[in-house]
Amino acid sequence: MKNRVVISKQGCMRVDVTIFGSSHILRNVEEEALEQLKNGACLPGVIACCGLPDIHSGYGLPIGGVMVVDAQTGVVSPGAVGVDINCGVRAASVPLRYAEVQPHAERLLRKIAAVVATGVGGKTRSEIGKVTNQQFRRLVEGGVPALMELGYATPADVECTEERGHLTPASLDNVSRRAVERGEGQIGTLGSGNHFLEIQRVSEVYDAETAKAFGLELDGVSLMIHCGSRGFGEQICRDHIQAMGKTMERYGIHPPSRNLASVPISSPEGRAYLSAMACAANFAWVNRQVILHEVRGVFKRELGVDKLDLIYDVAHNIAKFEMYDSRKVLVHRKGATRAFPAGHPDVPERYRATGQPAIIPGSMGTASFIVVGTPATMKETWGSVNHGAGRVMSRAAAVGEPRKGRPGLITEQQFRESMRGIAYMSGSGENMLDEAPAAYKNNVEVVDSLAEIGLVKKIVKVLPLAVLKG
DNA sequence: ATGTAC
């Protein structure tokens with residue numbers, strides 16, 4: 001079969017595993033990522049496990065992995081969601097032409113960096129950072145609708161966010177004090193690693209009608225924000241993996257890797273994780289919404305533009321209950337983006353005829369895509385597409401390990417050349433070599449490997465004008 | 001991803 005490989009059941013695997021990608025991508029899949037995917041196929045109640053073309057090794061399940069379990073008989077696994085719960089991307093349209101924004105790219109970038117904190121441990125610069133304990137609880141339990149009451153979101157923002165920016169049942173009672181302490185000052189912060197905020201030029205339109213429905217046209221301008229739940233989500237993930245590690249044997253669950261700690265979905269520990277995960281998911285949606293709110297302020301002050309419409313906000317590290325042929329399942333998406341096609345009842349009204357916009361960012365300096373899923377996407381990948389380009393080398397390999405006298409594979413010069421013509425800034429002051437385009441796969445090849453077999457329909461390609469890195 | 005090692 002074109003652009004996919006099937007690994008038949010073996011050992012403890014309960015289902016076959018499929019990995020999607022061009023033959024070039026498939027030839028280069030890391031052994032470790034493959035093992036991790038096969039481990040996912042061993043968990044109780046699993047009914048499908050697949051890898052997307054951005055697959056690379058992660059903690060527990062690989063990044064670019066989808067693990068589907070039966071909602072009645074299956075388990076929930078924090079390692080199959082990821083450390084950064086509801087890491088995700090939102091895209092907005094800017095009502096200006098590329099030529100009108102380009103001369104201001106540097107200045108916009110500086111102004112945005114002044115209001116959006118970046119880097120590990122970054123603390124909020126938004127007024128929202130001063131929320132009381134009670135308001136924090138309301139925000140993480142209520143998500144973007146609760147944030148709307150504070151004036152940081154519009155009804156359209158709510159409508160254009162996956163799950164309307166509000167996952168249930170979210171109770172802070174299932175969240176440790178430590179997680180709250182870490183999260184309190186981090187609403188409206190970008191974080192680090194591959195997180196970014198980017199102003200982009202629409203460089204190619206594949207489907208003008210759908211692009212128009214998304215508020216985009218050739219040589220128009222878009223904005224993308226990629227970040228997650230910061231220390232709050234990380235702490236929640238760790239807390240619950242630890243709790244599950246102690247109790248999963250009681251349920252007779254012995255995952256092939258401790259990093260895939262899991263418990264029955266309906267067990268007290270499973271319900272507690274899903275509730276805490278919902279808090280982290282809501283935190284991340286609120287986080288991205290606050291950042292968009294702050295960026296709207298910058299565009300208003302600097303260019304007199306006050307209408308940056310949210311196109312859509314997708315989660316790419318999350319577990320969700322969904323229906324497939326009247327069967328209720330829990331879909332773990334780790335570095336995988338939901339891409340429900342036209343007609344799906346969970347797609348907001350305004351996108352019911354086009355399909356939900358799915359956002360696939362590239363590495364810094366390279367193309368990102370907005371795509372839609374198809375009926376085949378529902379059947380083959382459980383409504384999922386890749387979440388980005390995917391790494392081709394570890395951060396350590398890119399930067400090198402001076403202590404061991406090992407040089408990095410990416411040079412400063414190579415990095416600068418790959419960023420020519422793009423305004424960029426690192427919030428954390430790092431050299432960003434580990435984020436260089438050459439440390440990632442070619443996003444065009446990655447997306448095309450799904451497009452060629454009808455699992456995505458490309459709508460637009462965008463190129464960076466200005467990038468704020470975490 | 002991450003107060004970059006509980």
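By convention in this document, chain letters (A, B, ...) are assigned in the order of the sequence lines, proteins followed by strands, and residues within each chain are numbered from 1.
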Let's see if you get this right: which residues in residues 171-180 of chain A place a heavy atom under 4.0 Å from DNA chain B? A/Arg178
For A/Gly231, which contact category applies under a 4.0 Å heavy-atom criterion: base, sugar-phosphate, or nothing? sugar-phosphate
Please report the distance, rounded to the nearest Å, between CG in A/Asn317 and P in B/dT2. 11 Å
Give the rounded distance in Å between these two atoms: CD of A/Gln235 and C1' of B/dT4. 14 Å
Should A/Cys227 and A/Cys87 be marked as a disulfide bond (SG atoms under 2.5 Å apart) after you check the CA-CA gap, both sets of side-chain angles, and the distance that decides it? CA-CA 5 Å; A/Cys227 61; A/Cys87 185; over 6 Å; no
side-chain N/O A/Ser192 vs B/dT2 OP1/OP2, d < 4.0 Å: yes
A/Glu234 CD to B/dA5 P, in whole Å, measures 10 Å
Base, sugar-phosphate, or nothing for A/Gly58, non-hydrogen atoms under 4.0 angstrom? nothing
Cationic N near anionic O, under 4.0 Å, A/Glu380 to A/Arg4: yes
Please give, in whole Å, the distance from B/dT4 P to A/Lys469 NZ? 19 Å
B/dT2, OP1 or OP2 - any side-chain N/O from A/Arg230 closer than 4.0 Å? yes
A/Arg338 and A/Glu322 ion-paired at < 4.0 Å: no
Please give, in whole Å, the distance from B/dT2 P to A/Ile85 CD1? 12 Å
Determine whether A/Thr337 and A/Ile360 make a side-chain contact, defined as any pair of heavy atoms from C-beta on separated by less than 4.5 Å. no
May I ask you to say whether A/Asp173 pairs ionically with A/Arg137, meaning some side-chain N is under 4.0 Å from a carboxylate O? yes
Could you tell me whether A/Arg395 and A/Glu401 make a salt bridge, using a distance below 4.0 angstrom between a side-chain N and a carboxylate O? no
Take the protein atom CG of A/Asn287 and the nucleotide atom C1' of B/dT2, then report the distance between them rounded to whole Å. 14 Å
Looking only at the aromatic ring of each residue, does the gap between the centers of A/His316 and A/His226 stay below 6.0 angstrom? yes
At under 4.0 Å between heavy atoms, what does A/Gln186 touch on the DNA or RNA strands: base, sugar-phosphate, or nothing? sugar-phosphate
5'-most by nearest nucleotide on DNA chain B - A/Gln242 or A/Asp84: A/Asp84
Just the rounded figure in Å: distance from P of B/dT2 to CG of A/Asp434. 12 Å
Using a 4.0 Å heavy-atom cut-off across all strands, classify A/Arg238 as base, sugar-phosphate, or nothing. base
Here the distance between atom P of B/dT4 and atom CE of A/Met432, to the nearest Å, is 21 Å
